[in-house]
Number of protein chains: 2
Amino acid sequence: MNPATEELIPVHQKMEDEVKLHSFRGSPYGCRVEIALKLKGIKYEFIQEDLSNKSQDLLKYNPVYKKVPVFVHNGNPISESLVIIEYIDEVWKGVPILPQDAYTKAQARFWAKFIDEKCIPAVFKVFGSHGDEQDVAEANEQLQFLENELSVKGNKFFGGDNIGLVDICASYIAFWAGAAEEALGIELVTKDKFPKLKEWCDNCINCQVVKDGLPPRERLVAYYKWRFGKA
Amino acid sequence: MNPATEELIPVHQKMEDEVKLHSFRGSPYGCRVEIALKLKGIKYEFIQEDLSNKSQDLLKYNPVYKKVPVFVHNGNPISESLVIIEYIDEVWKGVPILPQDAYTKAQARFWAKFIDEKCIPAVFKVFGSHGDEQDVAEANEQLQFLENELSVKGNKFFGGDNIGLVDICASYIAFWAGAAEEALGIELVTKDKFPKLKEWCDNCINCQVVKDGLPPRERLVAYYKWRFGKA
């Protein structure tokens, strides 16, 4: 099929497509995949995993990490949220998740990797230490890079006018970190320090497709109160 | 240009293409990019960085990590070796580095990520601890996944008959870890424990395009003797 023609055809799922997602309600990495699936309008079966008693399927599909999310397309399992999202974007046309241009795509991959490897660990270290000053300084340093990126580009989302790969990954900062901030009474992403990032956080969690994929905030706040010893 | 036609045209570089690589001789991540460039037959300028006195260009191009390698294509900088390799594979046709099929591509991305996040840290922990038993057990556990992957697929390389993304990433295990093993008198990837992986290591470092991108082994061995306190 000519790629140019293919993009004109409305998104639809082949009748034989079997799409399953092994995850648990509230998993930030599972939610990333759910947002990607909702963006593409893909129907999927959500298979709730009990992390204290993982299913045989999960252990078979992801023997390396034994972790959710695991995405299974017509019996073929894929692990790691970034890998899954790239796969979904390649297989299903329609709303693009990664930029089409090779250089912009490389930049998106860079920021997604940065969020996972630098930003999220730095931010969650702050919660673990109940706001240790040095940890806050380190988290601020990482968050400043996201603030700069939003300022330079001047778009509503990292992906431009619509959410894309980086927004999906950074939803962790907007929603999960936001809930942990509330649970612990710690303010990290404030309007004063990070005006663009704060605005982005609001845009991100109010974006319908993200909203549809998120767990109830109050349950997450309660969970973080318990997890970080503030219950 | 029709994509089908484009692939029939031999690899050539546009006259205006300016390709630079900021790295240092012996950098395993820089070498990954060099292998990718050599695979594609891309001419590039190698800009030697002094890590104790990084160039202003490096700091400008990679303000987040301030690390090599930085790849600069017509003035556009890209950091992070995996991101760079994906970019090179997308922009220059010819010998493919990533598989064409979406699922096989996802698997390659999974293994490349695994090598960087799990395997290399586990292996280098062994050298740092001069072969601590627990560290060796953990490294063996990770290496076993690579052994299994090679056994199941039954190919010469992770990429099939020819080297691909996973082979380029795993060259760290074949060459750098091999040199550190020699420097410290530690045997990790042995024929007894990991016959397929050992065979792959030999195939990898004897592959011409890899060989051309590697630093002299004896210098690396000397470096590791010094670094790990065995000089």
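We name chains A, B, ... by the order of the sequence lines, and we start the count at 1 in each one.
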| query | Would you say Lys191(B) has more than 12 foreign heavy atoms packed within less than 6.0 Å of its NZ? | reply | no
| From CG (Asp116(A)) to CD (Glu117(B)), nearest 0.5 Å | 8.0 Å
| Near Asp161(A) CG, under 6.0 Å, is it more than 12 heavy atoms from other residues, nucleotides or ligands? | no
| query | What closest approach, in Å, do Ala106(B) and Tyr87(A) show between heavy atoms, and which atom pair accounts for it? | reply | CB-CD1, 4.1 Å
| said: Measuring from atom CG of Asn76(B) to atom OG1 of Thr104(A), what distance do you get when rounded to the nearest 0.5 angstrom? | reply: 9.0 Å
| Salt bridge flag under 4.0 Å for residues Lys118(A) and Glu80(B) | no
| task | Measure distances from Tyr65(B) to the heavy atoms of chain A and classify the residue's part below 4.5 Å as side chain, backbone, both or neither. | result | side chain
| request: Measure the CZ-CD1 distance between Phe110(A) and Ile78(B) for me, rounded to the nearest 0.5 Å. | output: 11.0 Å
| note | Pair count under 4.5 Å, heavy atoms only, with chain A: among His73(B), Arg109(B), Gln144(B), highest is Arg109(B)
| For Lys38(B), does the NZ atom sit with more than 12 other heavy atoms under 6.0 Å from it, leaving out its own atoms? | yes
| Glu86(A) CD to Glu86(B) CD distance, which is reported to the nearest 0.5 Å | 5.5 Å
| field | CA sep, side-chain torsions, deciding dist, call: Asn74(B), Tyr103(A), side-chain contact (heavy atoms from CB on, under 4.5 Å) | value | CA-CA 11 Å; Asn74(B) 296 331; Tyr103(A) 183 66; over 6 Å; no
| How long is the span from the NZ atom in Lys113(B) to the OG atom in Ser79(A), to the nearest 0.5 Å? | 10.5 Å
